[in-house]
S.K.: 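Could you have a look at this structure, given as structure tokens, before my questions?
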Amino acid sequence: MAATRDVRRPRWAGSYHLATSLPHGLVLRVCLTPRWGAGSVVEVYEHIAGGGRCASCIEGRGALVHTADGRRFLCVSCIASHREACLRLFGHEPDYGLVIDDANVVWP
């Protein structure tokens, strides 16, 4: 009997989790639809053991998170200071969600 896959989970979710098991893992997406640029390659996830170098302070290390500028590695202290500054300036805290959480979505 063949193993069944949970059809509510995206097929690429396993790629994200496989990348986290490597010292430096990268997940690329290749577009197969001519309408959206067949053959184009986009980096969608990167994992570095111990965290990537912080895009803000360059000294800390942190996880890959969603930012207003796209996906960036940010350390915990920079995320905290960015949230505090946004709260002070704009009255709300931005969501710096982990990119790995994208692989844990369940589609209806």
Side-chain angles (χ1 to χ4, degrees):
M1 180 179 351
T4 58
R5 181 179 77 80
D6 183 357
V7 294
R8 296 175 301 151
R9 292 227 180 262
R11 291 178 184 253
W12 45 263
S15 301
Y16 280 44
H17 293 295
L18 178 61
T20 61
S21 68
L22 303 171
H24 188 181
L26 189 64
V27 177
L28 304 174
R29 180 178 60 213
V30 179
C31 182
L32 301 176
T33 308
R35 180 179 178 189
W36 302 108
S40 62
V41 178
V42 178
E43 179 183 314
V44 292
Y45 181 68
E46 183 176 13
H47 168 77
I48 299 174
R53 182 167 288 185
C54 180
S56 184
C57 71
I58 312 296
E59 296 174 9
R61 299 188 75 77
L64 190 63
V65 296
H66 291 286
T67 70
D69 295 327
R71 297 174 179 101
R72 302 277 186 264
F73 285 102
L74 290 177
C75 66
V76 174
S77 61
C78 284
I79 289 174
S81 61
H82 288 178
R83 280 188 170 144
E84 182 181 317
C86 285
L87 186 60
R88 200 171 341 124
L89 292 171
F90 308 116
H92 66 85
E93 292 184 13
D95 179 28
Y96 291 103
L98 296 174
V99 175
I100 188 65
D101 289 344
D102 295 349
N104 297 326
V105 298
V106 175
W107 294 342

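In what follows, residues are counted from 1 in the order of the sequence shown.
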S.K.: Could you point out which residue of Asp95, Val99, Asp101 forms a side-chain contact (heavy atoms from CB on, under 4.5 Å) with His66?
M.R.: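 Going through the options one by one, the only one that passes is Val99.
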S.K.: Taking distance alone, no hydrogens or angles, what donor-acceptor pairs closer than 3.5 Å link side-chain atoms of residues 69-81 to residues at least two apart or in another chain?
M.R.:
unit_1	atom_1	unit_2	atom_2	d
Arg71	NE	Val44	O	3.3
Arg72	NH2	Asp69	O	2.9
Ser81	OG	Ser77	O	3.3
Ser81	OG	Cys78	O	3.0

S.K.: Any chance you could measure Arg29, atom CZ, to Tyr45, atom OH, to the nearest 0.5 Å?
M.R.: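 Output value for this atom pair is 15.5 Å.
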S.K.: Show every donor-acceptor pair shorter than 3.5 Å between a side-chain atom in residues 52-64 and any protein atom, with sequence neighbours excluded, or say none if there are none.
M.R.:
unit_1	atom_1	unit_2	atom_2	d
Ser56	OG	His82	NE2	3.3
Arg61	NE	Gly51	O	2.8
Arg61	NH2	Gly51	O	2.7

S.K.: For the hydrophobic clusters of this structure (ILVMFWY residues joined by side-chain heavy atoms under 4.5 Å, transitively), does one cluster hold both Leu18 and Val27?
M.R.: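 No; Val27 is not reachable from Leu18 via cluster members.
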S.K.: Rounded to the nearest 0.5 Å, how far apart are CG of Leu22 and OG1 of Thr20?
M.R.: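 Those atoms lie 8.0 Å apart.
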